[in-house]
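The model shown is predicted, which means the values in this text are computed figures rather than measured ones. Hydrogens, waters and symmetry mates are skipped; everything else that's a heavy atom, side chains included, is used. Just so you know, ligand 1 is whichever comes first in the structure, and atom 1 is the first atom listed for that ligand.
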Amino acid sequence: METVLISGANRGLGLALAQKFAEAGWKVIAGCRNPAQATALTALQEGHDIQICKLDVTNPDDIAALAQQLGDEPLDVLINNAGILDANRNDLSSIDYDEWQAIFATNSMAPVRMSLALKDNLKRSPNPRIVTVSSEMGSLNQNLEGAIAYRTSKAAVNKAMQVLATNFASDGITVVPIHPGWVRTDMGGPQAAISPKESAEGIFLLASGLNNEMSGRFWTWAGTEHPW
Ligand SMILES: NC(=O)c1ccc[n+]([C@@H]2O[C@H](COP(=O)([O-])OP(=O)(O)OC[C@H]3O[C@@H](n4cnc5c(N)ncnc54)[C@H](OP(=O)(O)O)[C@@H]3O)[C@@H](O)[C@H]2O)c1
C-alpha cells in the first residue's frame with residue numbers, strides 16, 4: 001500500500017484529493033489546521049485508511065512534530081496543497097504587505113520546509129514524488145492583472161520546486177509544481193470550470209505516473225506540460 005501526505009486536506013481540493021487517494025486504496029495522512037473542526041475529513045475515515053494530523057504549514061513546530069510522528073515510515077507522495085489568496089486582489093491601491101508576507105509563507109516557503117522535513121521519509125519509498133499545487137496564475141507566460149501577492153507566491157514556488165527537483169535528483173525524488181485547473185472551491189468560486197473531484201482525479205493520475213524524467217517541470221491536472 002502506498003502512502004500520500006496531503007496538506008490542507010479538510011476542504012476544497014485537498015479534501016477531494018484525500019478522498020480520491022483513499023478510495024484508490026492508498027494510506028492518506030491528512031494535514032489540517034483544526035482537526036476538531038474537520039468534519040468532512042473525519043467522516044471520510046469510515047472505511048478508509050486516513051490518519052488526520054494537526055498541520056499548520058507555516059508553523060515549523062507542527063512540521064517538526066509531523067516528521068517525528070512519521071518516524072521511519074516511508075512516504076511515496078507528498079502533496080503540498082494548502083494555499084491562500086489575496087483577500088483584496090483587485091485593488092493595487094491598498095496592498096496589504098503583511099498579508100503578502102503571510103501568502104509567501106504559506107504558498108512559497110511552506111512547501112519547501114515540508115519537502116525538506118519529509119525528505120528522509122520520501123527516500124524510503126521506491127518511487128518518491130513531491131507534487132506542489134501551484135497555479136497558472138504564477139506563470140510568467142500569463143500576463144494578467146491583480147492578485148499580485150498570490151501570483152508572485154506561485155511564481156516563487158514554481159522556481160523553488162525547480163531548484164528542489166535538481167537538488168533531490170540524486171536521491172531519486174521527483175519534484176513537480178502543478179496547476180490544478182480552475183476548481184469550484186472556496187478559493188476558485190462557484191463559476192470555476194471543474195469540480196474538485198475532476199481535478200483530484202487528474203492529479204491522482206498524474207501523481208501515479210510521475211517519473212524522474214518529469215521532474216522539475218510544470219504540469220497541469222490534465223497531465224499536460226504548462227509553460228513556466
Ligand atoms: N481553486 C482553484 O481554482 C485553484 C486554482 C489554482 C490553484 N489552486 C491552488 O490549489 C490549492 C488548494 O486550493 P483550494 O481551491 O482547495 O482552496 P480552499 O478551498 O480555499 O482551501 C484551502 C485549503 O488550504 C488550507 N490552508 C490554508 N492555509 C493553511 C496553513 N497555513 N496550514 C495548513 N492549511 C492551510 C485551508 O485550511 P483552513 O480550512 O484551515 O483554512 C484549506 O484546507 C491551493 O494551493 C491553491 O492556491 C486553486
Inset, instruction - For Ala105 and ligand 1, answer yes if some heavy atom of the residue is under 4.0 Å from a ligand atom, otherwise no. - result: no

Inset, instruction - Report the nearest protein non-hydrogen atom to atom 14 (P) of ligand 1: residue, atom name, distance rounded to 0.1 Å. - result: Thr185 OG1, 3.6 Å

Inset, instruction - Report yes or no: does Trp182 contribute a side-chain atom to a donor-acceptor pair with the main-chain N or O of Gly188 at less than 3.5 Å? - result: yes

Inset, instruction - Considering the heavy atoms of Leu55, write down every atom of ligand 1 situated less than 4.0 Å from one of them. - result: 32 (N), 33 (C)

Inset, instruction - Identify which of Arg33, His179, Glu136 has a heavy atom lying nearest to atom 38 (P) of ligand 1. - result: Arg33

Legend entry - Charged N-O contact under 4.0 Å between Arg129 and Glu2: yes

Legend entry - For Asn158, the option from Ser135, Ser108, Ser139, Ser134 that meets side chain to side chain contact (heavy atoms under 4.5 Å, CB included): Ser134

Inset, instruction - State whether the side chain of Asp76 and the backbone N or O of Pro128 hold a donor-acceptor pair below 3.5 Å, judged by distance alone. - result: no

Legend entry - Any donor-acceptor N/O pair, Ser125 side chain to Pro74 backbone, under 3.5 Å: no

Legend entry - Heavy atoms from other residues, nucleotides or ligands near CZ of Arg113 exceed 12 (cutoff 6.0 Å): no

Legend entry - Which segment of Ser7 sits under 4.0 Å of ligand 1 when only heavy atoms are counted: neither

Legend entry - Closest non-hydrogen atom pair, Gly216 against Val176: N-CG1, 4.3 Å

Legend entry - Heavy atom of the protein closest to atom 36 (C) of ligand 1 (residue, atom name, distance): Arg11 NH2, 3.8 Å

Legend entry - Straight-line distance of Ile95 CD1 to Asp86 CG, nearest 0.5 Å: 8.5 Å

Inset, instruction - Begin with the C-alpha distance, continue with both residues' side-chain angles, and end with the deciding distance and a verdict on side chain to side chain contact (heavy atoms under 4.5 Å, CB included) for Lys20 and Ile203. - result: CA-CA 9 Å; Lys20 178 64 203 172; Ile203 294 169; over 6 Å; no

Legend entry - Where ligand 1 meets Gly188 - atom numbers and elements under 4.0 angstrom, heavy-atom basis: 1 (N), 2 (C), 3 (O)

Legend entry - For ligand 1, the portion of Lys154 having any non-hydrogen atom under 4.0 Å away: side chain

Inset, instruction - Could you tell me which atoms of ligand 1, counted from 1 in the order shown, lie closer than 4.0 angstrom to a heavy atom of Ile84? - result: 27 (C), 28 (N)

Legend entry - atom 35 (C) of ligand 1 [closest protein heavy-atom partner, distance rounded to 0.1 Å]: Ala82 CB, 3.4 Å

Inset, instruction - Could you tell me which atoms of ligand 1, counted from 1 in the order shown, lie closer than 4.0 angstrom to a heavy atom of Asp186? - result: 19 (O)

Legend entry - Separation between OG1 of Thr106 and CD1 of Ile84, rounded to the nearest 0.5 Å: 3.5 Å

Inset, instruction - Could you tell me the residue and atom name of the protein heavy atom closest to atom 16 (O) of ligand 1, and the distance to it rounded to 0.1 Å? - result: Leu13 N, 2.8 Å

Legend entry - Element-labelled atoms of ligand 1 that are located less than 4.0 Å from some non-hydrogen atom of Gly12: 16 (O), 19 (O)

Inset, instruction - Go through ligand 1 atom by atom and flag the ones less than 4.0 Å from a non-hydrogen atom of Tyr150. - result: 6 (C), 7 (C), 8 (N), 9 (C), 46 (C), 47 (O)

Inset, instruction - Quick one: look up the protein heavy atom nearest atom 32 (N) of ligand 1 and list residue, atom name and how far away it is. - result: Val57 N, 2.9 Å

Inset, instruction - Apply side-chain hydrogen bond (donor to acceptor under 3.5 Å, both in side chains) to Thr152 and Trp100, showing your working. - result: CA-CA 9 Å; Thr152 54; Trp100 194 341; 3.1 Å; yes

Legend entry - Common cluster, Val77/Leu75, ILVMFWY with side-chain heavy-atom separation under 4.5 Å: no

Inset, instruction - Check whether any N or O atom of Val183, backbone or side chain, sits under 3.5 Å from an N or O atom of ligand 1, and answer yes or no. - result: yes

Inset, instruction - Could you grab the distance from atom OG1 of Thr39 to atom CG of Leu44, nearest 0.5 Å is fine? - result: 10.5 Å

Legend entry - Nearest non-hydrogen protein atom, atom 12 (C) of ligand 1: Asn81 OD1, 3.1 Å

Inset, instruction - Could you tell me the residue and atom name of the protein heavy atom closest to atom 43 (O) of ligand 1, and the distance to it rounded to 0.1 Å? - result: Asn10 OD1, 2.7 Å

Legend entry - Polar contact flag for Trp182 and ligand 1 (N/O pairs, less than 3.5 Å): no

Inset, instruction - Please confirm whether Asn34 comes within less than 3.5 Å of ligand 1 when only nitrogen or oxygen atoms on both sides are compared. - result: no

Inset, instruction - Output yes when Glu73 and Lys27 qualify as a salt bridge under the 4.0 Å nitrogen-oxygen rule, no when they do not. - result: yes

Inset, instruction - Look at atom 5 (C) of ligand 1 and find which of Ala192, Ala9, Gly181, Ser135 reaches it with the closest heavy atom. - result: Gly181

Legend entry - Numbered atoms and elements of ligand 1 in range of Val133, under 4.0 angstrom, heavy atoms: 9 (C), 10 (O), 11 (C), 45 (O)

Legend entry - Closest protein heavy atom (residue, atom, distance) for atom 7 (C) of ligand 1: Ser134 O, 3.1 Å

Legend entry - The one among Gly8, Gly14, Gly83 that brings a heavy atom closest to atom 22 (C) of ligand 1: Gly83

